[in-house]
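The basis for the numbers below is simple: all heavy atoms, side chains too, and nothing from hydrogens, waters or symmetry mates. A, B, ... follow the sequence lines: proteins, then strands. Residue 1 opens every chain. This one's a predicted model, so the numbers in the text were calculated from it and none came from an experiment.
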Protein chains: 2
Amino acid sequence: MKAPAPAPTEGSTEKAREPRWLTDEEQRVWRWFMEGATLLDDHLDRQLQRDAGMPHVYYGLLVKLAEAPRRRLRMTELAMLAKITRSRLSHAIARLEKNGWVRREDCPDDKRGQFAVLTEEGHEVLRQTAPGHVDAVRQAVFDRLDPEQQKSLGEIMRIIAEGLQPTEAGADLPWLR
Amino acid sequence: MKAPAPAPTEGSTEKAREPRWLTDEEQRVWRWFMEGATLLDDHLDRQLQRDAGMPHVYYGLLVKLAEAPRRRLRMTELAMLAKITRSRLSHAIARLEKNGWVRREDCPDDKRGQFAVLTEEGHEVLRQTAPGHVDAVRQAVFDRLDPEQQKSLGEIMRIIAEGLQPTEAGADLPWLR
DNA sequence: GGCCATTTGTTTAAAGTTCAAGGAGGGGCC
DNA sequence: GGCCCCTCCTTGAACTTTAAACAAATGGCC
């Protein structure tokens, strides 16, 4: 992510061809993206750490569980929904379990399997803290964008997200690592 | 970030008023945003860890230093540019120093101050790895968006980024913590 | 000069994440 | 059945980040 000083002559006999550097305009876009994403992540992490006592990712796990049938999901499926590794999920669920917000349950069909189940306490924490979190997201994002921009953002991020999880076998996806 | 089951009656005498939940459309936008941001972060972190032996944030620090006059920046200024806390930066610089990619230097004007200086080795690492990183960013983002979308993305993220770093005193910004 | 609040940067410990390795079960194939 | 490979999930160590506390230097004010 650096601009080259002078562009070397093209068509040389060098093995390593000149990379397609980002244009100035692309660089600006990229920097705003990184800044916005970094600050937003920090902001929401802090908001939730303060108000719910957990990082944003953990909160997201509780939300996924709350939305699932019977408020439970297999570990791998939850990892897939949250876009994280199974290892990270294992540690996270261990912590949430210690808080009493999630409990594990064996899967009857597959003895290797585990369900993460949202407890009533976990559900209650969500009820208590969801409004504040929604407010934070609104203030930081939706209240600042007009409907057109909101639509664009969704579309753009969908393209990026889908591009990063190809359906082919052998793809390096977090939950398969 | 949860949908309420039924919307309670408005204008009640309750203290806690009903939060403005996200509409279905807003929820979709938000989820694509989080998915895309999470996957992109993971993807670039992994690419750089593999090819440059450091996380994305650390790489970004080297880039900022490379762009600075005399390839050096005061710690706080670097933290500000990278949108991270000074504590985090201290640890990061310590690690990069161990790698020989950055060195610290005392500030002559202010005896509390420290400069982080990019070493020649650090600069070389950047030269070696920048093309691969640019490729990764291109493949994940720019090659998938038309010019209109790129422009929108920059504008939208600029709005979000600026909204999260108000100029007022007392703002909770990472580098002031 | 002396005092005090603020700024600068680091340090320690706790919390979270990544990485590599591994135990255990499933499922195909002979 | 027995074998082999794959999937599911966990574990422990190394690394990174956060949170809180701190020392030293600055700058304003008297």
Side-chain angles (χ1 to χ4, degrees), chain A residues 38 41-50 52-61 73-80 82-99 102 104-116 169-170 172-177, chain B residues 38 41-50 52-61 72-80 82-99 102 104-117 169-170 172-177:
Chain A
T38 303
D41 208 37
D42 175 83
H43 184 67
L44 296 181
D45 252 333
R46 217 157 149 75
Q47 183 265 317
L48 284 169
Q49 194 67 59
R50 174 167 50 79
M54 65 188 132
H56 191 192
V57 180
Y58 289 26
Y59 181 87
L61 297 175
L73 286 168
R74 287 286 297 268
M75 294 296 280
T76 297
E77 193 171 4
L78 182 48
M80 191 171 341
K83 312 300 167 191
I84 63 177
T85 63
R86 282 172 298 184
S87 172
R88 186 177 181 180
L89 180 61
S90 269
H91 289 297
I93 292 296
R95 196 278 217 181
L96 291 171
E97 202 172 19
K98 225 179 286 183
N99 282 300
V102 169
R104 287 181 216 253
E105 215 167 278
D106 290 342
C107 175
D109 307 334
D110 185 339
K111 285 175 188 167
R112 296 166 303 178
Q114 288 276 104
F115 282 105
D172 177 37
L173 298 169
W175 54 94
L176 300 179
R177 296 215 271 262
Chain B
T38 304
D41 207 39
D42 175 83
H43 184 67
L44 296 181
D45 251 334
R46 217 158 149 74
Q47 183 266 319
L48 284 169
Q49 193 68 57
R50 173 165 52 76
M54 64 188 132
H56 190 193
V57 180
Y58 290 24
Y59 181 87
L61 297 175
R72 73 193 56 211
L73 286 167
R74 286 287 297 269
M75 294 297 279
T76 297
E77 193 171 4
L78 182 48
M80 193 170 343
K83 313 299 167 190
I84 62 177
T85 63
R86 285 172 296 181
S87 173
R88 185 177 181 181
L89 180 61
S90 268
H91 291 296
I93 292 296
R95 197 278 221 182
L96 292 170
E97 202 171 21
K98 226 179 284 184
N99 282 301
V102 168
R104 287 181 216 251
E105 216 168 279
D106 290 342
C107 175
D109 307 335
D110 185 339
K111 286 175 188 167
R112 295 167 302 179
Q114 288 275 105
F115 281 105
V117 186
D172 177 37
L173 298 169
W175 54 93
L176 301 179
R177 299 215 268 259

Show the distances under 3.5 angstrom between N or O atoms of the protein and N or O atoms of nucleotides 11-15 of chain D.
| residue | atom | partner | partner atom | Å |
| --- | --- | --- | --- | --- |
| dT11(D) | O4 | S87(A) | OG | 3.0 |
| dG12(D) | O6 | H91(A) | NE2 | 2.9 |

Return all side-chain donor-acceptor pairs below 3.5 angstrom for residues 90-99 of chain A, not counting sequence neighbours, or 'none' if the list is empty.
| residue | atom | partner | partner atom | Å |
| --- | --- | --- | --- | --- |
| R95(A) | NH1 | G53(A) | O | 3.4 |
| R95(A) | NH2 | G53(A) | O | 2.9 |
| E97(A) | OE1 | R104(A) | NE | 3.1 |
| E97(A) | OE2 | R104(A) | N | 3.3 |
| N99(A) | ND2 | R95(A) | O | 3.1 |

Specify the separation, in whole Å, of atom [atom1] of [X] and atom [atom2] of [N].
{"X": "L73(A)", "N": "dC9(D)", "atom1": "CG", "atom2": "P", "answer": "11 Å"}
{"X": "R88(A)", "N": "dC9(D)", "atom1": "CZ", "atom2": "C1'", "answer": "17 Å"}
{"X": "R112(A)", "N": "dT10(D)", "atom1": "CZ", "atom2": "P", "answer": "13 Å"}
{"X": "L78(A)", "N": "dC9(D)", "atom1": "CG", "atom2": "P", "answer": "10 Å"}
{"X": "D109(A)", "N": "dC8(D)", "atom1": "CG", "atom2": "P", "answer": "13 Å"}
{"X": "I84(B)", "N": "dT17(D)", "atom1": "CD1", "atom2": "P", "answer": "8 Å"}
{"X": "M54(A)", "N": "dT18(D)", "atom1": "CE", "atom2": "P", "answer": "18 Å"}

Checklist entry - Can you pull the contact range of chain A along DNA chain C, 5' to 3', using atoms under 4.0 angstrom from its heavy atoms? => result dG16(C) to dG26(C)

Item to check | Donor-acceptor contact present, side-chain K83(A) to main-chain M80(A), <3.5 Å | outcome: yes

Checklist entry - Any sub-3.5 Å donor-acceptor pair from D45(A)'s side-chain atoms to H56(A)'s backbone N or O? => result yes

Next on the checklist: Counting the atoms with a prime plus P, OP1 and OP2 as sugar-phosphate, which does Y58(B) contact under 4.0 Å by heavy atoms, base, sugar-phosphate, or nothing?
Outcome noted: sugar-phosphate

Checklist entry - Base, sugar-phosphate, or nothing for R50(B), non-hydrogen atoms under 4.0 angstrom? => result nothing

Contacts of [X] that satisfy side chain to side chain contact (heavy atoms under 4.5 Å, CB included) - sequence neighbours left out:
{"X": "D106(B)", "result": "Q114(B)"}
{"X": "R86(A)", "result": "T76(A), A79(A)"}
{"X": "R112(A)", "result": "D110(A)"}

Next on the checklist: Quick check: on DNA chain C, is the nucleotide nearest A92(A) upstream (toward 5') of the one nearest D110(A), or the reverse? Name the residue that is more 5'.
Outcome noted: A92(A)

Item to check | Phosphate contact (dC9(D) OP1 or OP2) by R74(A) side-chain N/O below 4.0 Å | outcome: yes

Checklist entry - When you look at D42(B) and R177(A), which way does the salt bridge (charged side-chain N to carboxylate O under 4.0 Å, His left out) test go after all the steps? => result CA-CA 12 Å; D42(B) 175 83; R177(A) 296 215 271 262; 2.7 Å; yes

Item to check | Side chain to side chain, V57(A) and T38(B), heavy atoms closer than 4.5 Å | outcome: no

